[in-house]
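Structure first, commentary second.
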Amino acid sequence: MLLLEEVAAPEPIPTEVQVRVQAAGVNPVDFKTRAGRGMAGVLGEPPFTVGWDVCGEVTAVGGGVTRFAVGDEVFGMPWFPREAGAYAEYVTAPSRHFEHKPHALSTEEAGALPLAGLTAWQIVVDTSRVQEGDDVLIHGGAGGVGHLAVQIAAARGANVIATARREQADFLEGLGAAQVLDYRDDDFDRRCGDLDSIVDFTGRYGERSLGVLRPGGTLVSVPSGADPKLHELAARRKQRSTGILVEPDPVGLAGLCDLIERGRLQVEVDEVFDLERAADAHRHAEASHGAGKIVLRVP
C-alpha cells in the first residue's frame, strides 16, 4: 500500500547535499519492494519510502561538499539498495551519488535515467565489457533499462540484436539496434549464434541463450539474478553467467552524461504522474508492456 504522509524534511550532514525533488523515476524494484519483495528485506519493516531515482535542485550542502552549490540542478540514484526515499519532496545523500543534470534532458527525462541508466551502464561497460565489433543480444530491448542498454552498446560500436514486440522495431532501430526480433514468434536461437554478450532483462531465456553464446562470452541475467545451475552450465561450456545489482556510481553517471552530450543516448518516458498518484503509477508500471520509463512529477 502507498500512502501520502507528511514527514520532516531530512537535513544534510557533512559530505551530503539536500535535494528538492522535482521528478522521481518509477522502477520495477519500487513496486516489488512495496509488495514485500525487491529490497523489502533490506529496508526492513514498513513504513518506509520507496524510490531511488532523483532529479531536482540542490537546496543545502553539508560541510566538505565542493562539487555542488545551492541552486544546482542534479540527478542521481542515492543510497541504493538502502532507503533513499525518492518519492518525496526532499532527499539527502552523499554528493557523489549525484551528477549535474545534462542540459539536453528535461527534468522528467533526467528523473527517469539514473537507476535504469546505471544498470545498463554497469551491465554493458563494466560486466560484459562490450567492445567495438562485438555481437550483443538484448532480450527486452524496448524496456526501461533495455532501451538504454541498446544505445550504450551501439555507442561502443557493437552490433546489437534486440528482442521486443514487432511494433517496437522502428523505435529500437532508431536507437541503434541493427536487428530486432519479435519475441512472440521469432526463434532467436535459430537466427543468432556465436554471440559475444547476451543481456536477459526478461529472466526467461537463460539456458537457451547459452546455446548462442560463444565460448568466453558473457550472459547477464537481470530480473532476479541467475540460477546457480545456469552458472554451472555456463562454466562447463567455458562461458560466463552472472546476475547483477546496480549500485551508486559517479563514474557511470559521468559516462551517461557524456553519451547524452554527444547525442548518443536518449531517454524514453512512457508516462508522467503527479506524486500524489504514485499508486496509479505503480498500477500502470505493473501492467505496462510499453517502451520507456514511468516518472513521478513532484509539484
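Fair warning: this is a prediction, and the values are worked out from it, not measured in the lab. Each residue takes its place number in the sequence, starting with 1. Basis for what follows: all heavy atoms, side chains included, without hydrogens, waters or symmetry-related copies.
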Exercise for the section: For the pair E167 and R184, find out whether any cationic side-chain nitrogen is under 4.0 Å from an anionic carboxylate oxygen. Expected result: yes
Practice task
Might you point out which heavy atoms bring A158 and V130 nearest each other, and give the distance in Å?
Solution key: CB-CG1, 3.6 Å
Completion exercise
Heavy atoms of V91 and G85 approach each other most closely as CG1-O, 3.3 Å
Exercise for the section: Taking atom CD of E286 as the centre, report whether more than 12 heavy atoms of other residues, nucleotides or ligands fall under 6.0 Å from it. Expected result: yes
Exercise for the section: Indicate yes or no for a side-chain donor-acceptor contact from W79 to the backbone of T92 under 3.5 Å, with no hydrogens or angles considered. Expected result: yes
Fill in the blank from the handout: Here the gap from E261 atom CD to L256 atom CG, rounded to the nearest 0.5 Å, amounts to 11.0 Å
Exercise for the section: Measure the spacing between CG of D196 and CG of L137 and express it to the nearest 0.5 Å. Expected result: 11.5 Å
Practice task
Test V145 against V222 for side chain to side chain contact (heavy atoms under 4.5 Å, CB included), laying out the working first.
Solution key: CA-CA 10 Å; V145 184; V222 180; 6.0 Å; no
Problem - Contact summary for D30 and V50, nearest pair of heavy atoms - result: O-CG1, 4.2 Å
Fill in the blank from the handout: CG (L253) and CZ (F98) are apart, to the nearest 0.5 Å, by 9.5 Å
Exercise for the section: Please name the pair of heavy atoms, one in F171 and one in E268, separated by the smallest distance, quoted to 0.1 Å. Expected result: CE1-OE1, 3.7 Å
Handout entry: Sidechain-backbone polar pair: T163 side chain, D182 backbone, donor-acceptor under 3.5 Å
Key = no
All N/O donor-acceptor pairs, side-chain side in residues 55-63, below 3.5 Å, sequence neighbours left out:
{"unit_1": "T59", "atom_1": "OG1", "unit_2": "Q18", "atom_2": "O", "d": "3.3"}
{"unit_1": "T59", "atom_1": "OG1", "unit_2": "Q18", "atom_2": "OE1", "d": "2.7"}

Exercise for the section: Please name all residues satisfying ring pair (Phe, Tyr, Trp, His ring centres under 6.0 Å) with H139, sequence neighbours left out, ordered by chain then number. Expected result: F188, Y205
Problem - N-O pairing of R67 and E99 below 4.0 Å - result: yes
Practice task
Check for a donor-acceptor pair, side chain of S221 on one end and backbone N or O of G203 on the other, with a separation under 3.5 Å.
Solution key: no
Exercise for the section: Identify whether V199 and I244 are in the same connected component of the hydrophobic contact network (ILVMFWY, side-chain heavy atoms under 4.5 Å). Expected result: yes
Practice task
Would you check, one step at a time, whether the test side chain to side chain contact (heavy atoms under 4.5 Å, CB included) holds for T33 with F48?
Solution key: CA-CA 10 Å; T33 300; F48 47 71; 3.7 Å; yes
Exercise for the section: Would you mind reporting whether P248 and W52 have side-chain heavy atoms less than 4.5 Å apart? Expected result: no
Completion exercise
Rounded to the nearest 0.5 angstrom, the CG-CG distance for D135 and L213 is 11.0 Å
Exercise for the section: Mark yes or no for whether E83, through its side chain, and T49, through its backbone, hold a donor-acceptor pair below 3.5 Å. Expected result: yes
Exercise for the section: Show the numbers, then the answer: is there a side chain to side chain contact (heavy atoms under 4.5 Å, CB included) between L105 and I260? Expected result: CA-CA 8 Å; L105 294 186; I260 291 163; 3.5 Å; yes
Handout entry: Check ion pair R156-D134 (N to O, under 4.0 angstrom)
Key = no
Fill in the blank from the handout: When every non-hydrogen atom of H231 is compared with those of G243, the smallest separation belongs to CE1-N, 4.1 Å
Handout entry: Salt-bridge present (R297, D274; N to O < 4.0 Å)
Key = yes
Problem - side chain to side chain contact (heavy atoms under 4.5 Å, CB included) between E247 and Q122, worked out - result: CA-CA 9 Å; E247 56 186 301; Q122 290 169 15; 4.1 Å; yes
Exercise for the section: Only counting residues at least two apart or in another chain, list the ones meeting ring pair (Phe, Tyr, Trp, His ring centres under 6.0 Å) with F201. Expected result: none
Fill in the blank from the handout: Distance col, row C257:SG vs H103:NE2, nearest 0.5 angstrom, shows 10.0 Å
Practice task
Find out whether T15 and S95 are in side-chain contact, i.e. whether some heavy atom of one side chain is under 4.5 Å from a heavy atom of the other.
Solution key: no
Handout entry: Interatomic distance, Q151 atom CD to L175 atom CG [nearest 0.5 angstrom]
Key = 4.5 Å
Problem - Which atom of A120 lies closest to which atom of I152, heavy atoms considered - result: CB-CD1, 3.8 Å
Handout entry: Heavy-atom side-chain contact between V298 and R20 under 4.5 Å
Key = yes
Handout entry: Non-hydrogen side-chain atoms of F80 and L245 separated by less than 4.5 Å
Key = yes
Practice task
Say whether L113 and V29 are linked into one hydrophobic cluster, either directly or through other cluster members, by side-chain heavy-atom distances under 4.5 angstrom.
Solution key: yes
Problem - Residues E271, R277: salt bridge by 4.0 Å N-O rule - result: no
Problem - SB check D187 R208 (cutoff 4.0 Å) - result: yes
Practice task
Look at atom CZ of R190 and say whether more than 12 heavy atoms of other residues, nucleotides or ligands are closer to it than 6.0 Å.
Solution key: no
